J.: 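Before I ask anything, here is the structure I am working with.
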Amino acid sequence: MALLEVSNLEIAVATGGQLLPVVRGVSFEVKANETFGIVGESGCGKSLTSLAIMGLLEGSQVRITGGSIHFDGRELTALSAEDRRAIMGAQMAMIFQEPMTSLNPVYRIGDQIVETLRQHRDMSRRQARDRAVELLDLVRIPEPGRRIDSFPHQMSGGQRQRVMIAMAMACDPKLLIADEPTTALDVTVQKEVLDLMADLQSRMGTAIVLISHDLGVIAETCDKVAVMYRGKIAESAATGELFSNMCHPYTRGLLNSIPVVDRDVEWLEAIPGRVPTIDEVLSGCAFHPRCAMAEARCESEDPDKRDVATGHTIRCHFAEVGSA
Amino acid sequence: MLVYTIKRLLALIPTLLAASILVFLFIHLIPGDPAAILLGDTATPEEVAALTREMGLDEPIWKQYLLWLGNVLQGDLGTSVFFREPVLKVIGSGAETSILLATMTMVWIVLFGIPIGIVSATKHGTWVDQVTSGGAMLFASIPTFWLGLYLILIFAVGLGWFPSSGFPSVSDDGGWTNLRYLILPSLTLAAPNAALIIRLVRASMLDVAREDHVRTARAKGLHPAKVAIKHIFRNALIAVAAAFGFTFAALVSEAVVTETVFSLPGIGRLVVQSILRRDYPVIQGVILVIVVLYMVINLLVDLAYARLDPRVSLK
């Protein structure tokens with residue numbers, strides 16, 4: 001039994017009295033000690049999916065309209081707000097894209113870590129503070145005993161993201177959701193943060209859901225990958241299988257738009273067109289207006305999910321043709 | 001912090017000197033001979049000449065200023081033409097009322113402004129928010145003299161709960177229960193300012209609520225009330241603290257109207273009466289006191305700012 005099972009998740013945005021679907025029929029599962037990557041362009045629904053799992057959609061215009069999120073033996077969509085909060089920050093934790101703004105500017109970082117600990121663990125201030133120093137040491141902040149009293153603005157972006165990781169790992173979560181954790185960081189710092197996450201995972205057996213728009217980051221860190229396009233999973237497979245046998249034209253487009261340094265190319269290939277806005281009604285396959293392989297059938301018929309290999313699913317009518 | 005405070009206090013000196021020159025020149029901006037004006041229409045030329053000598057008005061102006069400044073530094077703000085008493089004593093007699101009135105007003109502003117603002121922000125978009133925001137808009141727009149008269153009509157004349165005017169000193173019979181005389185005037189004075197604080201707390205909290213660190217706080221599994229107070233309000237307070245400085249400035253001018261409506265023997269009414277009596281030394285003295293007060297309040301707001309926001313460095 002997987003730790004996290006998302007099935008047929010539907011998310012919609014309420015605007016002007018109507019519900020616009022933004023995530024449709026998303027299903028995947030993540031086991032303990034596994035890293036699951038979700039990749040896609042801005043607006044494809046990958047962040048909303050992660051916020052829905054975490055339980056952070058509450059109070060916004062966005063809501064879960066269908067499907068289920070099963071986590072560690074419990075159905076999250078059926079839990080009360082209070083039961084949900086008991087899980088948030090404890091069994092399930094999240095780190096975000098913007099380390100510069102994700103910490104509260106008016107509190108010392110130590111106090112912010114202590115807050116998480118004391119929320120979920122029966123600890124004295126003293127114990128929580130000692131544990132916070134250990135956590136800062138764990139995420140390789142130098143001189144943790146001194147840095148614990150720093151304010152966020154006294155730290156660099158990379159250090160702040162480490163603090164975010166320390167805070168997320170404070171209560172030994174079973175699942176860590178990382179929404180673009182390295183996007184705002186320098187490349188060298190990116191590598192350090194990813195290595196740190198992998199290291200913590202191997203020590204604690206944490207499952208990770210990694211959201212990224214960067215195929216390079218995904219290839220390096222994930223065991224399984226789902227490629228999302230306009231609210232649906234276009235293609236999903238184990239990382240090795242996906243990169244050796246890309247089937248969906250959108251996935252191939254994403255890979256081709258990454259510049260290769262050691263090859264001299266005149267043109268950088270890009271996927272033509274743009275991501276459709278959520279209020280555009282599209283018939284058939286959502287990708288057909290941008291797809292080089294599109295035929296008449298793609299305009300009228302939305303492809304169902306089907307298997308192309310073991311554990312490798314796609315939503316495309318003609319995928320095999322292109323990969324051959 | 002201490003070094004910064006001392007530096008700031010020293011920096012007040014040139015500002016104060018500049019202000020003192022303006023206040024000093026005020027008496028010379030009055031058209032005509034100050035001595036003649038001070039003495040009024042019935043004065044004889046001999047009396048005017050005597051006062052001119054007494055006030056040193058026949059000396060060069062810079063010498064007059066230095067003389068006046070020297071006196072001010074020793075606490076001598078001159079003599080009231082009307083009361084025939086030292087200006088400092090005249091101002092002092094109004095100070096008790098004004099200080100108690102201002103304090104009570106600030107208490108109302110904090111007591112009403114902050115909690116209602118927080119509720120309004122956390123219930124954003126609901127009927128609670130509409131009622132509180134609408135109410136705040138209403139009270140921010142009502143002129144103080146009008147509100148004061150209505151409060152007198154309802155609570156003093158109609159219900160008879162509070163006295164309608166005057167203020168016996170707390171050292172008189174009744175002691176601190178005499179503070180009931182200040183309840184209606186302080187509520188009148190507080191209403192528009194509390195309304196502004198409500199609107200500001202609400203707006204700042206809605207701003208902060210959109211910030212990323214609030215999402216982090218929610219992801220910790222904290223109770224929404226804890227997120228609202230400890231994370232959202234605490235950050236919104238930085239903007240609100242600055243507004244308290246402005247609020248105080250507004251109180252000084254609004255107090256003039258309120259003290260007049262409620263016949264309170266405070267500094268505000270003293271100013272109005274002194275202007276009508278052409279008691280220039282008293283007007284001069286009050287302006288000087290208000291200038292010093294403003295500067296001190298400004299300094300306190302800056303210090304509070306630094307306390308509230310660790311990103312502000314005091315150098």
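All values derive from a computational prediction rather than experimental measurement. Residue numbering restarts at 1 for every chain, and letters A, B, ... go by the order of the sequence lines.
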J.: Could you look at A:E82 and say if it's the side chain, the backbone, both or neither that has a heavy atom under 4.5 Å from chain B?
T.: neither

J.: So which residue, A:E115, A:E98, A:Q119, A:Q112, ends up with the most heavy-atom pairs under 4.5 Å with chain B?
T.: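 Looking at each option in turn, the highest pair count goes to A:E115.
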
J.: Relative to each other, are the rings of A:Y107 and B:H231 parallel, tilted or perpendicular (30° and 60° limits)?
T.: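 Judged by the thresholds at 30° and 60°, the geometry between A:Y107 and B:H231 is perpendicular.
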
J.: Please flag which part of A:M100 lies under 4.5 Å from any non-hydrogen atom of chain B: side chain, backbone, both or neither.
T.: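 Neither the backbone nor the side chain of A:M100 comes within 4.5 Å of chain B.
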
J.: Quick one: are A:E41 and A:M228 in side-chain contact, heavy atoms under 4.5 Å?
T.: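 Side-chain contact under 4.5 Å: no.
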
J.: Any Lys/Arg nitrogen of A:D72 or A:K174 sitting under 4.0 Å from an Asp/Glu carboxylate oxygen of the other?
T.: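 A salt bridge is present here (some side-chain N lies under 4.0 Å from a carboxylate O).
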
J.: Among side-chain atoms of A:T15 and A:Q61, is any donor-acceptor pair under 3.5 angstrom?
T.: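 No donor-acceptor contact under 3.5 Å links the two side chains.
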
J.: Check A:E192 with A:R140, please: is the shortest side-chain N to carboxylate O separation under 4.0 Å?
T.: no

J.: Please look at B:H124 and chain A and tell me whether the side chain, the backbone, both or neither of the residue comes under 4.5 angstrom of a heavy atom of that chain.
T.: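 For B:H124, there is no contact with chain A at all, as no heavy atom is under 4.5 Å.
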
J.: Find the one option among A:P105, A:G89, A:P152 whose heavy-atom pairs under 4.5 Å with chain B are most numerous.
T.: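 Of A:P105, A:G89, A:P152, A:P105 has the most heavy-atom pairs under 4.5 Å with chain B.
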
J.: Is there a donor-acceptor pair closer than 3.5 Å between any side-chain N or O of B:T216 and the backbone N or O of A:S102?
T.: yes

J.: Determine the interplanar angle of the B:F112 and B:W108 rings, folded into 0 to 90°, and report it as parallel if under 30°, tilted if 30 to 60°, perpendicular if over 60°.
T.: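 It falls in the tilted class, 30° to 60°.
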
J.: Among A:T116, A:I87, A:L103, A:N104, who wins on heavy-atom pairs under 4.5 Å with chain B?
T.: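 Highest number of heavy-atom pairs under 4.5 Å: A:N104.
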
J.: For A:L51, is it the side chain, the backbone, both, or neither that has a heavy atom closer than 4.5 Å to a heavy atom of chain B?
T.: side chain

J.: Tell me which of these, B:R215, B:K226, B:R234, has more heavy-atom pairs under 4.5 Å with chain A than the rest.
T.: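 Ranked by heavy-atom pairs under 4.5 Å with chain A, first place is B:R215.
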
J.: Examine whether an atom of B:L308 lies under 4.5 Å from a heavy atom of chain A, and if so say whether it belongs to the side chain, the backbone or both; otherwise answer neither.
T.: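 Contact with chain A involves the backbone of B:L308 alone.
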
